[in-house]
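Take a look at the structure below.
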Amino acid sequence: MKVGGRHSRNLLREKRVLDMVRVLFEGLMDSECKSLRDYASRAYTQVYSLHHSYPIRVDLAVGMYMIPTKAPLLKNLNKDKCLAITFI
């Protein structure tokens, strides 16, 4: 039987994922910069970098170069203009 982990640890992981998404979308709303890599890097640094070891941080920094620019992302989302996200 496989154990899924402790509930408090799973909740902490979910919180960090939500924080990462929040910081990423805040960056997308704030600036007209075309590089999603900058937003993703900033979000990772704020949320996860303190909790990961050096080799993981280096691997993720290298992986950030595979993130597309804003134009292909918006094309995949079938949008012609910038993301307009409204929080209620």
* To do: Of all the heavy-atom pairs spanning Leu24 and Ala43, show the shortest one and how long it is.
  =>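 The answer is N-CB, 4.0 Å.
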* When clusters are formed by joining ILVMFWY residues with side-chain heavy atoms under 4.5 Å apart, either directly or through shared neighbours, do Ile56 and Leu12 land in the same one? ->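 Ile56 and Leu12: separate clusters.
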* Would a hydrophobic clustering, with Ile, Leu, Val, Met, Phe, Trp and Tyr connected at side-chain separations under 4.5 Å, put Met64 with Val21? ->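 Yes, it is one cluster - the side chains of Met64 and Val21 are joined through contacts under 4.5 Å.
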* **side chain to side chain contact (heavy atoms under 4.5 Å, CB included) between Met66 and Arg37, worked out** => CA-CA 8 Å; Met66 297 189 70; Arg37 184 181 344 154; over 6 Å; no
* How is the hydrophobic cluster of Leu18 composed, in terms of its other members, when Ile, Leu, Val, Met, Phe, Trp and Tyr link through side-chain heavy atoms under 4.5 Å apart, directly or indirectly? ->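 In the cluster with Leu18 there is nothing else; it is isolated.
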* Val58: hydrophobic cluster co-members (side-chain, 4.5 Å) ->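 Val58 shares its hydrophobic cluster with Tyr54.
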* **ring pair (Phe, Tyr, Trp, His ring centres under 6.0 Å) against His52, all qualifying residues, sequence neighbours excluded** =>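 Partners of His52 under the ring pair (Phe, Tyr, Trp, His ring centres under 6.0 Å) test: Tyr44, Tyr48.
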* Side-chain ion pair, Asp19 and Lys15, N-O less than 4.0 Å ->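 A salt bridge links Asp19 with Lys15.
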* Asked: Once you round to the nearest 0.5 Å, how far does CZ of Arg16 lie from CD of Gln46?
  ->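 Reported value, rounded in 0.5 Å steps: 14.5 Å.
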